[in-house]
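These notes are about the structure you will find just below.
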Amino acid sequence: MEHLIETWTILQTEMAKQVLIPQKRTDFQPNDLILTLDIQYEGDKAYIAGDVQRQNGTSEGIFLKQDVVTEAYVPQFFAFREGPLLKRFVESWMMHTGLKPDVVLIDGHGTAHPRQLGVACWLGVMMDLPTVGCAKDTLVRYEGTLAEAKESILPILNAKGDTIGHLLRTQQGVKPNFVSSGHRIHQMSAIDLVKNIGGKYRIPETLRRADMAARFFQKMEKSGLLIPHKLNIDGNDFKLLMLHSAFRGQNIVL
DNA sequence: GCGACAG
DNA sequence: ATCTTGTCGC
């Protein structure tokens with residue numbers, strides 16, 4: 001384990017050099033595709049959900065895929081556990097749909113990381129895709145106090161003084177989210193993305209949906225039940241699609 | 001030196 | 001993340 005961390009640390013430092021943060025803000029278009037990913041774990045099994053929504057709010061459904069976990073979770077090295085699973089999911093999704101995400105939103109950090117290489121950066125660099133990380137807790141220290149009002153932000157700086165992410169209060173009085181760009185996205189555009197997704201809760205709508213869908217998938221699989229073609233969340237139906245050539249004879253993509 | 005540490 | 005009951009509050 002000692003040696004593994006040493007290797008991973010070197011890898012992170014090398015990969016961090018490949019992370020590209022544009023100088024100008026990214027302007028999203030109304031029909032840009034947002035792919036939001038989340039994973040539920042149970043032993044070595046991973047239940048992955050990918051919510052697909054346009055910038056204008058149109059839902060393109062929620063995709064599900066099962067996979068196997070091979071790496072342990074080590075704080076600060078989360079990317080090496082979850083990254084490969086996310087990468088396989090996105091590759092599979094692109095192959096089955098023929099689409100390409102305009103931005104991938106991930107439950108975890110981007111550059112707001114001790115070596116500026118969170119899982120969102122890892123995926124962004126590995127697949128050369130724009131990515132954003134949104135986490136529930138911070139991994140790095142920050143200075144200052146975040147205002148109570150909804151949509152207040154507070155920058156997180158590294159030792160050099162670069163802004164590597166922000167705290168974002170998505171609702172008044174709730175704990176903030178920790179938002180940072182993963183790759184090819186300006187830090188303020190990462191904030192814009194999460195603000196635009198919005199929703200009624202602390203967790204941005206698409207992330208909350210991906211989380212619920214992954215939990216649902218896990219529960220159904222464990223019970224040996226068939227996956228329905230739609231899932232109702234907060235009173236709205238979302239189309240469910242399996243990213244498998246076959247999954248107990250279930251509805252296959254396309 | 002000690003503790004804390006995304007999911 | 002997961003293991004887990006009741007309970008407080010909108």
Side-chain angles (χ1 to χ4, degrees), chain A residues 1-2 4-6 8-9 11-12 15-16 19 36-51 64-90 104-125 131-143 150 156 158-159 164-168 170-183 187 190 194 199-204 206-219 221-223 234:
Chain A
M1 175 108 301
E2 200 76 355
L4 183 60
I5 289 178
E6 193 179 313
W8 278 350
T9 302
L11 265 173
Q12 287 181 331
M15 285 185 76
V19 171
T36 306
L37 306 173
D38 191 44
I39 302 182
Q40 295 299 320
Y41 296 96
E42 184 150 5
D44 68 344
K45 292 195 185 304
Y47 299 90
I48 314 171
D51 176 277
L64 304 174
K65 182 176 184 286
Q66 199 180 80
D67 207 335
V68 175
V69 189
T70 59
E71 304 297 327
Y73 167 64
V74 181
Q76 295 189 19
F77 303 92
F78 178 54
F80 298 101
R81 172 179 169 85
E82 185 153 304
L85 301 170
L86 298 176
K87 181 168 177 282
R88 287 197 289 271
F89 182 99
V90 177
V104 183
L105 180 61
I106 291 159
D107 188 7
H109 292 294
T111 50
H113 176 278
R115 284 165 297 282
Q116 275 89 86
L117 201 100
V119 62
C121 302
W122 188 97
L123 185 71
V125 168
T131 59
V132 170
C134 180
K136 301 167 198 68
D137 288 293
T138 186
L139 208 45
V140 298
R141 296 179 43 119
Y142 55 87
E143 290 180 8
K150 177 176 176 173
I156 301 173
N158 65 8
I164 58 174
H166 293 85
L167 278 71
L168 169 65
T170 49
Q171 303 291 335
Q172 185 180 56
V174 303
K175 262 189 67 174
N177 284 277
F178 297 83
V179 180
S180 55
S181 54
H183 190 51
Q187 295 290 358
V194 175
K200 190 185 173 190
Y201 306 91
R202 178 197 170 215
I203 306 300
T206 60
L207 253 180
R208 182 165 175 275
R209 243 165 23 222
D211 180 88
M212 294 181 80
R215 287 178 193 280
F216 179 74
F217 181 25
Q218 173 185 34
K219 193 186 76 174
E221 207 282 333
K222 201 163 78 174
S223 312
D234 295 334

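Atoms considered below: every heavy atom in the structure, side chains included; atoms not considered: hydrogens, waters and symmetry mates. The sequence lines fix the lettering, A, B, ..., with proteins before strands; numbering per chain opens at 1.
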Starting at the 5' end of nucleotides 3-10 of chain C, put B wherever the base has a protein heavy atom under 4.0 Å, S where only the sugar-phosphate does, and a dash everywhere else. --------
Determine, for A:Asp137 against A:Lys175, whether the closest basic-nitrogen to carboxylate-oxygen distance falls under 4.0 angstrom. yes
Quick one: does any side-chain atom of A:Gln12 pair with a main-chain N or O of A:Gln76 as donor and acceptor, under 3.5 Å? yes
Per-nucleotide protein contact string for nucleotides 1-7 of chain B, where B marks a base within reach and S marks sugar-phosphate only (heavy atoms under 4.0 Å, - for neither): ----BBB
For the side chain of A:Thr131 and the backbone of A:His183, is there at least one donor-acceptor N/O pair under 3.5 Å apart? yes
Salt bridge present between A:Asp107 and A:Lys136 (N-O < 4.0 angstrom): yes
Shortest non-hydrogen contact from A:Cys121 toward A:Gly110: SG-C, 3.2 Å
Can you tell me if A:Thr170 and A:Asn177 form a side-chain donor-acceptor pair at under 3.5 Å? yes
Please work out if A:Arg215 contacts a base, only the sugar-phosphate, or nothing of the nucleic acid, heavy-atom cut-off 4.0 Å. sugar-phosphate
Pair A:Glu82-A:Trp122, side-chain contact (heavy atoms from CB on, under 4.5 Å): steps then yes or no: CA-CA 10 Å; A:Glu82 185 153 304; A:Trp122 188 97; over 6 Å; no
Between A:Asp234 and A:Lys200, is the closest basic N to carboxylate O distance under 4.0 Å? no
Remember a base hit wins even if backbone is also touched, and classify A:Gln218 as base, sugar-phosphate or nothing at under 4.0 Å, heavy atoms. sugar-phosphate
Does a donor on one side chain and an acceptor on the other come within less than 3.5 Å for A:Gln187 and A:Ser181? yes
Base-paired stretches in DNA chain C with three or more consecutive Watson-Crick or G-U pairs, both distances under 3.5 Å, amount to none
Check the orientation of A:Trp8 and A:Phe80. Use parallel for under 30°, tilted for 30 to 60°, and perpendicular for over 60°. parallel
